[in-house]
Peer 1: 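Okay, handing you the structure first.
Below, chains carry the letters A, B, ... as their sequence lines are ordered, and counting in each starts from 1. As a basis for the values below, the full set of heavy atoms in this structure was taken, side chains included, without hydrogen atoms, waters or symmetry mates. All figures in this text were calculated on a predicted structure; none of them were measured in a lab.
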Amino acid sequence: MSAASEPLAPLPRAFFLRPTIEVAQDLLGRYLVLARKDEAPRIGRLVETEAYLGETDLASHAARGKTRRNAPMYEEPGHAYVYFVYGMHWCLNIVTEEAGTPCAVLLRAAEPVAGLTQAADGPGKLCRAFGLDGEWNRADLTSGELRTTYGAPVAPDEVLATARVGVAYAGSWAQEPLRFFVASSNCVSRSRTASPSGTLWERPAAGAKRRGRVRACP
DNA sequence: AGCGGGATTAGC
DNA sequence: CTAATCCCGCTT
């Protein structure tokens, strides 16, 4: 969007103050950057995201209203919502739309660009690769050590959509094509439920084995 | 207080 | 297929 075309220029708050689906798609190809003092910057190119669309979205943490856990989703766009799942994994979201509208984009996978020593091909693995935990909850991603930057945005025809992962409990919302990923990337998560259902996806031939990714993430 | 489950991952 | 592992939300 803006005139800022420097790959490492931070995405401004206005970027996140837009419809969540738009933000989720537009984040693909952007860089997630962690630049801390006394440490080489960690940079990943976002290749997989999911949109969560407020209290009516039964797959969203906001589906049952505001709680202490999901409160950041109700706050200012451009901030982090970091939560803990399954007793061992952290997941990073970026809050979107106006304060009071509990929408967010889950960052699910990134390709290594610099400073990463572990794969980031999954939401838990992304946080692990960047060393992110609950301390980053509510962090402002438009300034500070953790940010998203202009990066190298991808063309819309390189983006595929499928149902979101791990939300089978969400009724009809489980089928919505709200997971987006870069078609050509090797670093997309290897989710068990990655069976493509999005309209943009070309279904593999019957019987063809597919476990989410074809080759190993570099 | 206690209980059930989860926007996941790795290993058998 | 399943264990790991714990915070949170909801129920007693």
Peer 1: Measure CH2/Trp90(A) against P/dC8(C) and give the value in whole Å, please.
Peer 2: 8 Å
Peer 1: Would you say Leu32(A) and Leu8(A) are hydrophobically clustered, going by side-chain heavy atoms of ILVMFWY under 4.5 Å?
Peer 2: no
Peer 1: Would Arg13(A) and Phe15(A) count as a cation-pi pair here, with the cationic atom under 6.0 angstrom from the ring centre and within 45° of the axis?
Peer 2: no
Peer 1: Round to a whole Å and report the spacing from OH of Tyr83(A) to C1' of dG9(C).
Peer 2: 16 Å
Peer 1: Of the nucleotides dA7(B), dT9(B), dG9(C), which one has an atom closest to the side chain of Thr67(A)?
Peer 2: dG9(C)
Peer 1: Taking the minimum atom-to-atom distance to the side chain of Arg64(A), which one of dC10(C), dT9(B), dA4(C) wins?
Peer 2: dC10(C)
Peer 1: Once ring pair (Phe, Tyr, Trp, His ring centres under 6.0 Å) is applied, do any residues pair with His61(A), and if so which ones, sequence neighbours excluded?
Peer 2: Tyr81(A), Tyr83(A)
Peer 1: Rounded to whole angstrom units, what separation is found between the CG atom of Asp121(A) and the P atom of dA7(B)?
Peer 2: 20 Å
Peer 1: Applying the 4.5 Å side-chain criterion to the ILVMFWY set and letting contacts propagate, would Ile43(A) and Leu46(A) be lumped into a single cluster?
Peer 2: no
Peer 1: Does Arg179(A) make a cation-pi contact with Phe181(A), if we ask for NZ or CZ under 6.0 Å from the ring centre and within 45° of the axis?
Peer 2: yes
Peer 1: Does either side chain, that of Thr148(A) or that of Arg30(A), offer a donor lying less than 3.5 Å from an acceptor on the other one?
Peer 2: no
Peer 1: Between Arg179(A) (CZ) and dT8(B) (C1'), how many Å, whole number?
Peer 2: 13 Å
Peer 1: Extract the stems that DNA chain C is part of, considering only consecutive pairing runs of at least three Watson-Crick or G-U wobble pairs, both distances under 3.5 Å.
Peer 2: B:1-6 with C:6-11, B:8-11 with C:1-4
Peer 1: Looking at dA10(B), dA7(B), dG9(C), which one has an atom nearest to any side-chain atom of Arg68(A)?
Peer 2: dG9(C)
Peer 1: Can you list, by residue number, the residues of residues 69-80 of chain A that have a non-hydrogen atom closer than 4.0 angstrom to DNA chain C?
Peer 2: Arg69(A)
Peer 1: Quick one, Val167(A) and Trp173(A) - any side-chain contact, counting heavy atoms below 4.5 Å?
Peer 2: no
Peer 1: Is Arg147(A) positioned over the aromatic face of Tyr31(A), cation under 6.0 angstrom from the ring centre and no more than 45 degrees off axis?
Peer 2: no
Peer 1: Specify the separation, in whole Å, of atom CZ of Phe84(A) and atom P of dC7(C).
Peer 2: 6 Å
Peer 1: Without decimals, in angstroms, what is the distance between Lys66(A) NZ and dC10(C) C1'?
Peer 2: 19 Å
Peer 1: Taking OP1 and OP2 of dT9(B), is either one under 4.0 Å from a side-chain nitrogen or oxygen of His89(A)?
Peer 2: no
Peer 1: Separation of Tyr86(A) atom OH from dT2(C) atom C1', in whole Å?
Peer 2: 13 Å
Peer 1: When you measure from the side-chain N and O atoms of Arg164(A) to the phosphate of dA7(B), is any distance below 4.0 Å, counting only OP1 and OP2?
Peer 2: no
Peer 1: Just N and O in the side chain of Tyr81(A): are any of them under 4.0 Å from OP1 or OP2 of dA7(B)?
Peer 2: no
Peer 1: Are the side chains of Leu160(A) and Phe180(A) in contact, using a 4.5 Å heavy-atom criterion?
Peer 2: no
